[in-house]
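In the text below, chain A, chain B and the rest are named by the order of the sequence lines, each starting its count at 1. Here the structure is a predicted model, which is why all the values come from computation and not from measurement.
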Amino acid sequence: METNPQIINDLAPKKFGRYGKVWLVFLLLMILVSFYAYGQQLIKGLVITEMRDYALWGVYISNFVFFVAISLVGSLITAILRLSGANWSTPLTRIAEIIAVAAIIMAGLTIIIDMGRPERLFYLFTHGRLQSPIIWDVIVISTYLVLSLLLLYYPLLPDFAILKTFFGKNTKPGKWYGRLALNWSGSEKQKSLYNRSIRILSVLIIPVAFGIHTVTAWLFATTYRPGWDSTNFGPYFIAGAFVAGAGSVVTIMFILRKTNHLEAYITDLHFDKMGKLLVLLCLVYLYFNVNEYLVPAYKNTKEEAVHLAELFTGEYASLFWLAIVGGLIVPIVVLIFPRGRKPIPAFLMGMLVVVGAWWKRYLIVTPTLLHPFLPIQGVPENWRHYYPSALEWIITFGTLAMALLIITLLVRYLPVIPIHETAEEKGIEELKKSKRT
Amino acid sequence: MRTVARLWILLLMFSGITTLHSGLYAQDIKYKVRVSLNYMKIMPETSLLTITAKYKGEDGFMPATNLGYDIFNVLEFDSLVLLGQTKTNKEGIAVFPLKDLGSIASDSTGTYHFLAASLEHPQYQLVEKDIDFRDTQLQISIDTEQGINNLNATLTDTFTGEALEGLPLRVQVQRLFRPLRIGDDFYITDDSGSVKVGVEPGIPGLNGRLALEVILLDEDPYGTVKVVIEESLGTPIDATSTFDQRTMWGPPSKTPLFLLTFPNLLLLGIWGAIVMLIVNLFKINNSKNP
């Protein structure tokens, strides 16, 4: 198993530089503060949040839906593009898998944060009803987490073996990579098991990924509420998740390209391809958005009219238009031009998409709860509105920091671009060139 | 510099005094409790004293919880006999059952006298409340005249045995949230202490059974007196309950079979594949050499 030393040298994990350390300390501080806030929530209960009888799901559930959406990226880049033979995506697969793992771990944790009595988590399994979409969500999230971990781990086996040799068998990192490589030697039997397993994983993860987003959509759509009562919610969520996931990959691949000096591996071509893909995904999601808002606006039932008025021109109008125009239309317009798909504009559009995607989830969750069919009465005035409390924001930012910390640590210790696959592809390319000459 | 030091000393003194003062003052605050004491009789033999206690806090009236009371029977010349103790719950309500009212002493006119005296409590001031009442008998019966069911209720004084005339009785059907009134708001007892109320047909009840109740509500000096009779005078409820069926809204034990079968088969398939993938990792680990 020989690999070009230059490639290994470029792609092997490197220690944090000065900025990396500052970034790590910043994330740890944020997490520490959020631990204090969560401690307050554990002691005093959910009363420290601004969630009340009507806004019973708030920023935590919006954040959960966001994490679930981001996690779809693993199956998009790795599985779908792999199965469709799009080899250009090879340098991006590891990044996508890392984002997916971080996001799905945090999605699970966010649900626990949203629970008033987290010590009763086990009741979900002992007292759960199979008829409830919440149980379906619990099952499908655990399944997707295991599959995402396997999808991250399997392609790493040859890379771990390479890194073991690179760092030296007797060094501390070398020993660790050696253990994780599971005695990988590239034997025919190992290759056969490896290829078969990756093919199975790539196929298996797609329906499960679709399942997780559909079931999360059903948490809303199975209730009879304005804004949620839609048969389109499953595909609408999947389309939105593809957009959020692709946006996050564009953002993180730009940052990693800069920090890890990967310009030779993540090229302008990758931004160009991802930009085109993002345009397509944004267009599909825009279509679903038109569908979700135009049909109820046309029917204009009393409850839907109030809900839509709040979104279009009311209390949530600024956020709504930020999510639609900033998070979808502007990226489509910019990325449709080749100059817009250069690394910097693509990165900015990716950021915009991710921020828009987060607020979109907030807009899906909160306004509907504050417009129930029965009028809100006999409650304090502030229960009619929902503005997350400072502690809620701190906890939410803490979860986002934890997701970024997981990504940062995985990026620190794993090769962010698959070494083995890159070397193989480069070898094949060189072979083709030599045959031509 | 000296001025700053003086200011510091003044500040420390001020904060010390206010802290000490507030600490001492905190122990002095005891709320005045407002108490109502009521008598209730549920025929044939249950007699209760009900105490409701509240105090005016910063946010308006609040229930005075966990406040103990001694209950006394007041005899002639104001001598007291301790009957027992009770304590208010989180709603500020305490109930004291008067077991065997016949054995408790009344005065020569047949009037009972009771006193509830609160016990020491760190939060509330001491308070007393007394009540006088006479024991009554409220009898209920059903008869049918020309196909119409009538409810008859008669109220008499237990001590004198005389009928009680001119008292309002409510006639109603027991319901889960709020009783269903029959006819007028109340009926006044005649010179024989009776009322007669027609029970209209068609009132729905479980298996046609109606729990009819007649109440004398908080009338001086008799308190509240209630009698209940259960009769098959109503129309059976045609309940199309799916309680025993396997439905999407049923309990876990009533999960629909299709929901038990297909998702579990799907899960079995997916987790079977996951187990196989994990086993493959072990196989890779064990097949080192070409």
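In this structure, the portion of Leu157(A) lying under 4.5 Å from any heavy atom of chain B is its side chain and not its backbone. Using a 4.5 Å cut-off between heavy atoms, Val140(A) makes no contact with chain B at all. For chain A, the nearby part of Pro251(B) is the backbone; its heavy atoms alone come within less than 4.5 Å.
From Leu281(B), atom CG reaches atom CG of Leu150(A) across 6.5 Å, with rounding to the nearest 0.5 Å. With rounding to the nearest 0.5 angstrom, the CD1 atom of Ile274(B) is 4.0 Å from the CG atom of Leu147(A). Annotation: the span from Leu130(A) atom CG to Thr255(B) atom OG1 amounts to 5.5 Å, rounded to 0.5 Å. Taking CZ of Arg179(A) as the reference point, atom CG of Asn285(B) lies at 12.5 Å (rounded to 0.5 Å). Atom CH2 of Trp271(B) sits about 6.5 Å away from atom OG of Ser142(A), to the nearest 0.5 Å. Between the CD1 atom of Ile139(A) and the CD1 atom of Ile270(B) there is a distance of 10.5 Å, given to the nearest 0.5 Å.
Between Gln131(A) and Met248(B), the shortest heavy-atom contact is CB-O, 3.1 Å. When all heavy atoms are compared, the tightest approach of Ser287(B) to Leu193(A) is OG-CD1, 4.4 Å.
Heavy atoms from other residues, nucleotides or ligands lying under 6.0 Å from CD1 of Ile278(B) number more than 12. By the 6.0 Å contact criterion, CZ on Arg178(B) is open, its count of non-hydrogen atoms from other residues, nucleotides or ligands being 12 or less. Within 6.0 Å of atom CG in Asn382(A), more than 12 heavy atoms from other residues, nucleotides or ligands are found, so the atom counts as buried in its surroundings. Within a 6.0 Å radius of CZ in Phe186(B), no more than 12 heavy atoms belonging to other residues, nucleotides or ligands are found. With a 6.0 Å radius and a threshold of 12 heavy atoms from other residues, nucleotides or ligands, Phe61(B) has its CZ atom above the threshold. For Trp383(A), the CH2 atom is densely surrounded, since the number of other residues' heavy atoms within 6.0 Å is greater than 12. Shown here is Phe373(A), whose CZ atom has more than 12 heavy atoms of other residues, nucleotides or ligands within 6.0 Å.
For the pair Asn183(A)/Asn286(B), no side-chain contact is recorded, criterion being any heavy-atom separation below 4.5 Å from C-beta on. You'll find the side chain of Asn280(B) reaches within 4.5 Å of the side chain of Tyr154(A), heavy atoms only. Side-chain contact between His127(A) and Pro252(B) is absent, with no heavy-atom pair separated by less than 4.5 Å. Side-chain contact check for Ile200(A) versus Met276(B): some heavy-atom pair is nearer than 4.5 Å.
Contact tally against chain A (heavy-atom pairs below 4.5 Å) for Ala273(B), Gly269(B), Ser253(B), Gly250(B): the top residue is Gly250(B).
At distances below 3.5 Å, not a single donor-acceptor pair connects side-chain atoms of Arg129(A) with backbone N or O atoms of Lys254(B). A side-chain donor-acceptor contact under 3.5 Å links Gln190(A) to the backbone of Ile284(B).
Remark: Trp228(A) engages Thr368(A) in a side-chain hydrogen bond (donor to acceptor under 3.5 Å, both in side chains) (not counting sequence neighbours).
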